[in-house]
There are 2 protein chains.
Amino acid sequence: MERKRAKSGEIRLTEVAKLAGVSPITASRFFRNPQALSLSKRERVASAAKELGYVPNLAARALASQRTEVIGVLIPSLTNNVFSDVLRGIYDASEGSRYSIQLANTRYSILQEEQLLRLFQAQKPAGLIVTGIDQTAESRAVMEAMNCPIAQIMEIGPDPVDMMVGFSHYDAAFAAVSHLVEQGFKRIGFVGAQMDPRMQRRFGGYRDAMKAASLFAPRLIVTTPVPTSITLGGSVFSDLLSKAPDIDAVCCGNDDLALGVLFECQRRHLSVPEDMAIVGFNDLEFMASAVPPLTSVRTNRYEMGRSAVTMVTAAIEGNRPPQPVLDLGFQLMIRESSSPRHN
Amino acid sequence: MERKRAKSGEIRLTEVAKLAGVSPITASRFFRNPQALSLSKRERVASAAKELGYVPNLAARALASQRTEVIGVLIPSLTNNVFSDVLRGIYDASEGSRYSIQLANTRYSILQEEQLLRLFQAQKPAGLIVTGIDQTAESRAVMEAMNCPIAQIMEIGPDPVDMMVGFSHYDAAFAAVSHLVEQGFKRIGFVGAQMDPRMQRRFGGYRDAMKAASLFAPRLIVTTPVPTSITLGGSVFSDLLSKAPDIDAVCCGNDDLALGVLFECQRRHLSVPEDMAIVGFNDLEFMASAVPPLTSVRTNRYEMGRSAVTMVTAAIEGNRPPQPVLDLGFQLMIRESSSPRHN
DNA sequence: TTGTACGCGTTATCAA
DNA sequence: TTGATAACGCGTACAA
């Protein structure tokens with residue numbers, strides 16, 4: 001009695017092997033490691049596969065091999081421009097490899113991150129890319145249990161789970177504020193939003209640079225947990241002005257805030273930088289074309305995404321990079337908005 | 001002779017079934033269609049699964065069932081803000097469902113799109129979301145062969161592959177230009193970049209609105225295939241000004257260009273809207289907070305992503321939406337940058 | 001370099 | 001509503 005189940009109708013490896021006159025396993029090897037075959041068989045399998053239009057069944061491959069060719073990626077936001085550049089780097093790099101990307105959005109929540117990590121764990125990805133270095137203990141445990149190469153991106157710090165690609169937000173902000181100090185600004189405000197860990201470390205850089213110059217004062221600071229936006233930049237700057245009307249410069253936790261501050265200055269007829277200097281963070285595209293051009297800290301976001309994939313894929317294939325932590329640095333882009341103060 | 005292969009070490013369905021005292025298939029049903037079980041067995045399987053920490057093996061499931069729970073998504077850009085909103089809608093909606101998203105970037109290339117479509121085809125996704133309505137004939141053939149629900153997003157048009165969610169870029173641009181005409185502007189320029197199909201249809205709306213008002217003139221138009229950016233907005237506007245120094249308004253193909261135009265006006269000390277009116281397209285966040293606030297056409301990008309997932313998942317599960325084409329419309333956001341001309 | 005034998009963990013099919 | 005059986009298409013392990 002025949003109660004076979006329906007076959008998929010797709011070409012299978014066996015059929016390719018048959019046409020090529022080799023055993024299925026030889027055909028299998030052809031797709032994973034062609035060099036292991038003799039030249040003649042290699043050619044025969046290649047042409048058979050082409051003729052039949054064979055496409056490997058990834059599910060079967062994953063089941064049999066107990067692994068996948070997926071790299072999981074966890075980022076905190078799909079809207080923030082900063083991450084679109086990182087993502088572009090990630091997707092560009094993945095296309096040159098055999099790995100595909102599985103993306104998820106943590107929405108800046110470390111609990112959501114924990115959940116997503118568990119979800120990923122079930123799929124046994126070949127590698128993992130996570131944003132930042134502030135995972136929960138539980139998240140770290142899951143990551144360690146996953147037993148695959150992992151890159152933490154966007155910043156670097158002590159105690160990597162595995163590998164890291166980023167830069168020091170603290171140092172970068174410290175450098176930006178030091179620049180303002182050198183330019184002769186004295187009452188330098190800080191505006192921050194979202195207040196995720198990297199924003200907090202940028203604030204730390206501001207705080208310590210101000211303290212180092214003996215210019216620190218709590219009244220110069222306005223922060224909010226509200227998600228960042230250009231519009232928000234205007235309103236936090238307004239708040240700052242009511243607390244400290246005498247400020248002569250603003251260090252903005254990111255570029256969106258900086259642009260919002262610039263617009264607010266235009267609205268209030270404050271000249272930049274004569275009445276108010278502005279520095280931002282990330283050097284998004286608009287900073288250079290604003291009027292006046294806005295000083296910012298350039299970060300290598302595309303490269304961060306690209307390197308993360310490169311490092312992870314290399315590690316998957318056994319070629320771990322010699323140094324697990326890659327510091328991509330930053331570059332202070334000095335523009336008109338922070339021109340020296342002429343007293 | 002024992003040469004068993006290593007088991008994965010994970011809990012399998014069989015073990016859950018054993019602990020629950022049912023057959024594997026019953027346990028299997030519990031995860032896919034709990035209502036098919038009697039209450040007592042349902043509870044027993046549930047507690048056994050929980051006790052063992054069972055996680056389904058997706059590869060095995062895909063292999064056995066010949067399908068996946070993946071929705072493929074093809075978008076033309078990861079950098080363009082317009083798509084981050086769409087993506088957010090897509091990812092938000094997918095989290096409420098059992099489906100996961102597989103994202104790929106076509107980089108505005110219909111050939112790349114074709115390739116990616118073939119790649120997706122191999123993975124037999126349960127559904128597909130593609131951007132725009134201008135696929136190659138080959139791409140359409142692949143999509144039809146995929147035999148799964150498909151949503152085309154961002155715009156609507158005749159002859160859907162399956163379903164559509166979007167709006168008419170032509171109508172939206174026509175409305176924006178008509179607004180400028182009504183406000184009394186006569187020499188209305190157009191700047192466009194990237195010139196992807198949607199940009200071209202926006203241009204078509206501009207052209208026809210201008211012709212309808214007997215204001216059309218080729219010298220008022222500057223376009224470039226270069227990818228759009230704020231900086232580019234400034235330079236194409238400069239080009240436009242050299243061709244047509246007497247223009248009194250600019251219709252920008254998107255908001256990035258519009259902001260670049262505003263900055264260029266500031267650089268040239270042209271007052272907006274007195275010397276130059278500006279309208280953009282998409283109503284990105286910065287349009288409302290620019291100085292002056294910039295008129296734009298608001299589009300429902302988040303909702304486009306969300307509805308696309310909703311429609312596709314409904315269709316996968318047999319509940320096809322009654323109307324396959326969903327027009328999400330647009331809304332003209334009139335702001336100071338297009339205030340009426342007082343001659 | 002190639003092949004044999006078997007199992008990966010699940011679900012479809014059919015029967016009860 | 002439940003269960004027995006047989007795949008799903010491929011890769012691992014080992015031997016030759």
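In this text, all values refer to a predicted model and were calculated from it rather than measured experimentally. Throughout, protein chains are lettered first and strands after them, A, B, ... in sequence-line order, and every chain is numbered starting at 1.
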Within this structure, what is the [atom1]-to-[atom2] distance between [X] and [N], rounded to whole angstrom?
{"X": "Leu58(A)", "N": "dG9(D)", "atom1": "CG", "atom2": "P", "answer": "13 Å"}
{"X": "Ile25(B)", "N": "dT13(C)", "atom1": "CD1", "atom2": "C1'", "answer": "10 Å"}
{"X": "Leu63(A)", "N": "dT12(D)", "atom1": "CG", "atom2": "P", "answer": "12 Å"}
{"X": "Lys18(B)", "N": "dG9(C)", "atom1": "NZ", "atom2": "P", "answer": "13 Å"}
{"X": "Glu69(B)", "N": "dT10(C)", "atom1": "CD", "atom2": "P", "answer": "14 Å"}
{"X": "Arg61(B)", "N": "dT10(C)", "atom1": "CZ", "atom2": "P", "answer": "8 Å"}
{"X": "Asn57(B)", "N": "dC8(D)", "atom1": "CG", "atom2": "P", "answer": "18 Å"}
{"X": "Leu13(A)", "N": "dC10(D)", "atom1": "CG", "atom2": "C1'", "answer": "7 Å"}

Original post:
Can you say whether the rings of Phe83(A) and Tyr108(A) are parallel (under 30°), tilted (30 to 60°) or perpendicular (over 60°)?
Top reply: perpendicular

[X] side chain: which of [options] is closest?
{"X": "Arg12(B)", "options": "dG11(D), dT10(C), dG9(D)", "result": "dT10(C)"}
{"X": "Ala60(A)", "options": "dA4(D), dC14(D), dG9(D)", "result": "dG9(D)"}
{"X": "Arg29(B)", "options": "dG9(D), dG3(C), dT2(D)", "result": "dT2(D)"}
{"X": "Ala64(B)", "options": "dT4(C), dT10(C), dG7(C)", "result": "dT10(C)"}
{"X": "Ser65(A)", "options": "dG11(D), dT10(C), dC8(D)", "result": "dG11(D)"}

**OP:** Indicate, with a heavy-atom threshold strictly under 4.0 Å, whether Tyr54(B) touches base, sugar-phosphate, or nothing.
**Re:** sugar-phosphate

Original post:
Under 4.0 angstrom, heavy atoms only, what part of the nucleic acid is Arg67(A) near: base, sugar-phosphate, or nothing?
Top reply: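 Sugar-phosphate contact only - Arg67(A) comes under 4.0 Å of backbone atoms but never of a base.
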
Subject >> Salt-bridge criterion met for Glu15(A) and Lys18(A) (N-O under 4.0 Å) >> reply: no

**OP:** Ignoring backbone atoms, establish whether Thr26(A) has a side-chain N or O less than 4.0 Å from OP1 or OP2 of dG3(C).
**Re:**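 Answer yes for this pair, as a side-chain N or O of Thr26(A) is under 4.0 Å from OP1 or OP2.
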
Original post:
Quick one: is Lys124(B) getting a side-chain N or O under 4.0 Å of the dC8(D) phosphate, OP1 or OP2?
Top reply: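 No, outside the criterion.
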
Subject >> Positions of residues 31-40 of chain B (non-hydrogen atom under 4.0 Å from DNA chain D), listed by number >> reply: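 Output list: Ala36(B), Leu37(B), Ser38(B).
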
**OP:** Decide side-chain hydrogen bond (donor to acceptor under 3.5 Å, both in side chains) for Glu114(A) and Thr136(A); before the verdict, give the C-alpha distance in whole Å, the side-chain angles of both, and the deciding distance to 0.1 Å.
**Re:** CA-CA 7 Å; Glu114(A) 205 176 291; Thr136(A) 64; 2.7 Å; yes

Original post:
Residues in side chain to side chain contact (heavy atoms under 4.5 Å, CB included) with Asn81(A), at least two apart?
Top reply: Ser84(A), Asp256(A), Leu284(A), Asn81(B)

Subject >> Nearest-0.5 Å distance, CE of residue Met154(A) to CD1 of residue Ile133(A) >> reply: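 CD1 of Ile133(A) is found 12.0 Å from CE of Met154(A).
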
Original post:
Around atom CD of Gln115(B), are there more than 12 heavy atoms of other residues, nucleotides or ligands at under 6.0 Å?
Top reply: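 No - once you tally the heavy atoms of other residues, nucleotides and ligands closer than 6.0 Å, there are 12 at most.
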
Subject >> Arg67(B) atom CZ: more than 12 heavy-atom contacts under 6.0 Å >> reply: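 Not buried by this count: 12 neighbours or fewer within 6.0 Å.
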
